[in-house]
Each structure stands twice: as structure tokens, then as C-alpha cells.
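Data first, discussion second: the structure below is written as C-alpha cells.
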Amino acid sequence: MKILVIANLNSGKGKAKEYLPVVKRELKPNNELKIYLTKDKEHTIKFVTKNCTKFDMLVVLGGDGTMNEVVNGYIA
């Protein structure tokens, strides 16, 4: 399975940075994993719009804002 992880490492007062290794460890076995680290709102939306159909699953590691960006990119 091809999985795209979209991670905002500043989310949760930086706690998302702590969770990324766990997410990678749990998802990596038997899967193709791509990690995208968010830069800014517009860039994330454009990245998701361009790339989301290349993956079987999207995983969002971030807060409400990150989820909003991913959803907006996905439906664009």
C-alpha cells in the first residue's frame, strides 16, 4: 500500500514531532511510505491536490489547520 503522511511538526506545541517516528515505525512495514512536511497553507493545499491520487491512503499528523489544508487540497 502506498501511504502519504502529511505532517505539521509544529502542531500540538511541537508534539507532532515526537509522534512522527512512531507513525513511521507503525506504517512502514509492508507499505511504501512518503512523508511530506508542511511548509505553509498554500503549498500544502497545492501539494495535496497534485499528489493525493498517487496514494492509497492519506494520514494527517497535525491539528485542525493541517486537516483543513489537506481536505481543501483533496477536494480541489
Side-chain angles (χ1 to χ4, degrees):
M1 180 180 294
K2 292 175 67 175
I3 302 171
L4 173 60
V5 177
I6 300 165
N8 177 349
L9 299 184
N10 295 316
S11 184
K13 297 179 183 174
K15 288 197 173 203
K17 190 180 293 186
E18 297 173 26
Y19 296 129
L20 186 57
V22 175
V23 170
K24 289 164 80 172
R25 183 180 67 238
E26 293 299 318
L27 295 178
K28 185 66 175 168
N30 303 314
N31 294 303
E32 183 181 329
L33 197 62
K34 164 85 172 148
I35 308 293
Y36 170 78
L37 301 178
T38 63
K39 295 174 178 68
D40 61 58
K41 179 180 178 177
E42 295 303 319
H43 193 268
T44 301
I45 291 170
K46 287 178 185 177
F47 178 85
V48 172
T49 299
K50 183 176 178 182
N51 294 286
C52 69
T53 59
K54 300 175 185 174
F55 296 88
D56 302 308
M57 179 187 298
L58 298 176
V59 175
V60 180
L61 179 59
D64 295 348
T66 307
M67 180 60 82
N68 188 359
E69 293 165 14
V70 172
V71 168
N72 281 307
Y74 188 80
I75 62 173

Query raised in the report: Short question: side chain of Asn31, backbone of Leu33 - any donor-acceptor pair under 3.5 Å?
Result: no
Query - Atom pair OG1/CG of Thr66 and Leu61 - distance to nearest 0.5 Å - result: 8.5 Å
Query raised in the report: What do you reckon, is NZ of Lys13 surrounded by more than 12 foreign heavy atoms closer than 6.0 Å?
Result: no
Query raised in the report: Would Tyr19 and Val5 show up in the same hydrophobic cluster when neighbours are defined by side-chain heavy atoms closer than 4.5 Å?
Result: yes
Requested in this report: Report the distance from atom NZ of Lys46 to atom CD of Glu42, rounding to the nearest 0.5 Å.
Outcome: 6.5 Å
Query raised in the report: So, for Lys34 and Phe47, which heavy atoms are closest and what is the spacing to 0.1 Å?
Result: CE-CZ, 4.3 Å
Requested in this report: Nearest 0.5 Å please: distance from the CG atom of Leu4 over to the CD atom of Glu32.
Outcome: 11.0 Å
Requested in this report: Please check if Met67 and Leu58 belong to a single hydrophobic cluster, counting links between Ile, Leu, Val, Met, Phe, Trp and Tyr side chain heavy atoms closer than 4.5 Å.
Outcome: yes
Query raised in the report: Is it true that Met57 and Ile6 fall in one hydrophobic cluster, defined by side-chain heavy atoms closer than 4.5 Å?
Result: no
Query - Inter-residue atom distance Thr53.OG1 - Tyr74.OH, 0.5 Å rounding - result: 8.5 Å
Query raised in the report: Would you say Lys24 has more than 12 foreign heavy atoms packed within less than 6.0 Å of its NZ?
Result: no
Query raised in the report: Of all heavy-atom pairs between Thr49 and Ala76, which one has the smallest distance, and what is that distance?
Result: OG1-CB, 3.6 Å
Query raised in the report: At their closest point, which heavy atom of Glu69 faces which heavy atom of Ile45, and how far apart are they?
Result: O-CG1, 3.4 Å
Query raised in the report: According to a 4.5 Å side-chain heavy-atom criterion applied to Ile, Leu, Val, Met, Phe, Trp and Tyr, with indirect links allowed, do Leu9 and Tyr36 form part of one hydrophobic cluster?
Result: no
Query raised in the report: How close do Gly63 and Ser11 get, heavy atom to heavy atom, and via which atoms?
Result: N-OG, 2.9 Å
Query raised in the report: Are Ile35 and Val23 in one and the same hydrophobic cluster, where Ile, Leu, Val, Met, Phe, Trp and Tyr link if side-chain heavy atoms are under 4.5 Å apart?
Result: yes
Query raised in the report: With a 4.5 Å limit on heavy-atom distance, are the side chains of Leu37 and Leu20 in contact?
Result: yes
Query - Smallest separation among heavy atoms of Val70 and Val48, with atom names - result: O-CG1, 3.6 Å
Requested in this report: Report the C-alpha distance between Asp64 and Asn68 in whole Å, list the side-chain angles of each, state the deciding distance to 0.1 Å, and finish with yes or no for side-chain hydrogen bond (donor to acceptor under 3.5 Å, both in side chains).
Outcome: CA-CA 6 Å; Asp64 295 348; Asn68 188 359; over 6 Å; no
